[in-house]
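Let me begin by presenting the structure, written as structure tokens, before commenting on it.
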Protein chains: 2
Amino acid sequence: MKLSNYSKIFKALSNEQRLNIFMMVYKQCCVPKGGKESSCCPGGGSVRGAFTKTCGCMDLSKSTISHHFKELQNAGLITCEREGQTFRCRINEEAVDSIKKFFE
Amino acid sequence: MKLSNYSKIFKALSNEQRLNIFMMVYKQCCVPKGGKESSCCPGGGSVRGAFTKTCGCMDLSKSTISHHFKELQNAGLITCEREGQTFRCRINEEAVDSIKKFFE
DNA sequence: TCTATTATTCGATAACATTCGAACTATATA
DNA sequence: TATATAGTTCGAATGTTATCGAATAATAGA
């Protein structure tokens, strides 16, 4: 992976609000081994209605939150797929693995 | 470690030039186990004349490079100590460990 | 097809980042 | 003490990012 891709990833995580969004998705996607699945993640590994949830618990306008989701997607950190009126979000494990490798 | 500290670290690494500087220090500080020490790192773990070296291999003005070193220090990623006319740089292992933990 | 809900796009604005060159400070050495 | 080398600070130009509200588009359901 090129250095410029890494800097893109770090840029996406450099804004505190956006990092917060990333973390909410990240935590909910990581069903601990042997642990219970959370209600938002049937099947584990993805978050239903991530955007709506985020709007509900962050003090930012919808448009700003939409922008932050786009940035996280552009950096390759998450993927989102439409599911009716809302979106289902998933962490891109590859990106996370790349970061881990970066610091080895 | 607070989320805002993480975003500071990621911000420091979000600029490609700065990431480049960080990597040069990082690589030179990490003497592989059983490997030879590099000439810049007698004793291992630190880089002698890091600023001067960086100036020599990056297409940026001294003042800009100085600024980037400051940013890396402010984020707690590296420390620099004067050594005569030049500086000796060291990676802050704690910061790196924090990032690793962040993605566990 | 009408309406409510959900999310995106647009245009504006304010704040912040990157970069430079010039002037300056710190240190070593002749 | 004069000079060379190394690095910092300052002010300015330029570019990028975060944020909002309003207008718009997509979807579900009545």
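Chain letters run A, B, ... following the sequence lines, proteins first and then strands; every chain starts at 1.
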* Asked: If you check the A/S63 side chain, which of D/dT27, D/dT8, D/dG21 turns out closest?
  -> D/dG21
* Structure fact -> All heavy atoms of B/R18 vs all of B/S14, minimum pair found to be NH2-OG, 4.3 Å
* To do: In whole angstrom, give the distance that lies between atom CZ of B/R88 and atom C1' of D/dG7.
  => 17 Å
* Can you find a side chain N or O atom of A/R18 that sits less than 4.0 Å from OP1 or OP2 on D/dT17? -> no
* Asked: Any chance the side chains of B/S66 and B/S63 put a donor and an acceptor closer than 3.5 Å?
  -> no
* Asked: Is the A/F69 ring parallel, tilted or perpendicular to the A/F51 ring (thresholds 30°, 60°)?
  -> tilted
* Asked: Of the nucleotides D/dT5, D/dT19, C/dT19, which one has an atom closest to the side chain of B/T64?
  -> C/dT19
* More 5' along DNA chain C: A/I65 or B/H68, using each one's nearest nucleotide? -> A/I65
* Asked: In whole angstroms, how far is the C1' atom of C/dA17 from the CD1 atom of B/I21?
  -> 14 Å
* When you measure from the side chain of B/H67, which nucleotide among C/dT19, C/dA4, D/dT9 comes out closest? -> C/dT19
* Establish whether the base of C/dT6 is bridged to the side chain of A/Q85 by a donor-acceptor pair shorter than 3.5 Å. => no
* On the 0 to 90° scale, with breaks at 30° and 60°, tag the A/F102-A/Y6 ring pair as parallel, tilted or perpendicular. => tilted
* Given C/dT8, is OP1 or OP2 found less than 4.0 Å from the side-chain N or O atoms of A/S66? -> yes
* To do: Select base, sugar-phosphate, or nothing to describe what A/L60 touches, counting heavy atoms under 4.0 Å on all strands.
  => sugar-phosphate
* Asked: Quick one: B/F87 CZ to C/dA26 P, roughly how many Å, whole number?
  -> 11 Å
* Phosphate-side-chain proximity, B/T52 and D/dT5, N/O vs OP1/OP2 below 4.0 Å -> no
* **Contact check, side chains of A/V47 and A/R88, non-hydrogen atoms, under 4.5 Å** => no
* To do: Figure out the CG/P separation between A/L72 and D/dA18, and round it to whole Å.
  => 10 Å
* Structure fact -> From CE of A/M58 across to P of D/dC20 the rounded distance in Å is 10 Å
* Asked: Would you say C/dT18 has OP1 or OP2 under 4.0 Å from some side-chain N or O of B/N15?
  -> yes
* **Gap between atoms CG and P, on B/N74 and D/dT9 respectively (whole Å)** => 11 Å
* To do: Could you check whether A/Q17 gets within reach of a base, just the sugar-phosphate, or nothing at all, counting any heavy atom under 4.0 Å?
  => sugar-phosphate
* Asked: Looking at C/dT8, C/dC20, D/dT8, which one has an atom nearest to any side-chain atom of B/F51?
  -> D/dT8
* To do: Assign each of B/T86 and A/D59 to its nearest nucleotide of DNA chain D by heavy atoms, then name whichever residue's nucleotide is nearer the 5' end.
  => B/T86
* To do: On DNA chain D, check which nucleotide each of A/K62 and A/S14 is closest to and give me the residue with the more 5' one.
  => A/S14
* Structure fact -> Rounded to whole Å, NZ of A/K53 lies from P of C/dA7 at a distance of 11 Å
* Please work out if B/S61 contacts a base, only the sugar-phosphate, or nothing of the nucleic acid, heavy-atom cut-off 4.0 Å. => base
* Could you check whether A/F69 gets within reach of a base, just the sugar-phosphate, or nothing at all, counting any heavy atom under 4.0 Å? => nothing
* To do: Round to the nearest Å and state the distance from B/E83 atom CD to D/dA6 atom P.
  => 14 Å
* Mind running side chain to side chain contact (heavy atoms under 4.5 Å, CB included) on B/H68 and B/N15 for me, showing each step along the way? => CA-CA 9 Å; B/H68 285 324; B/N15 176 277; 3.9 Å; yes
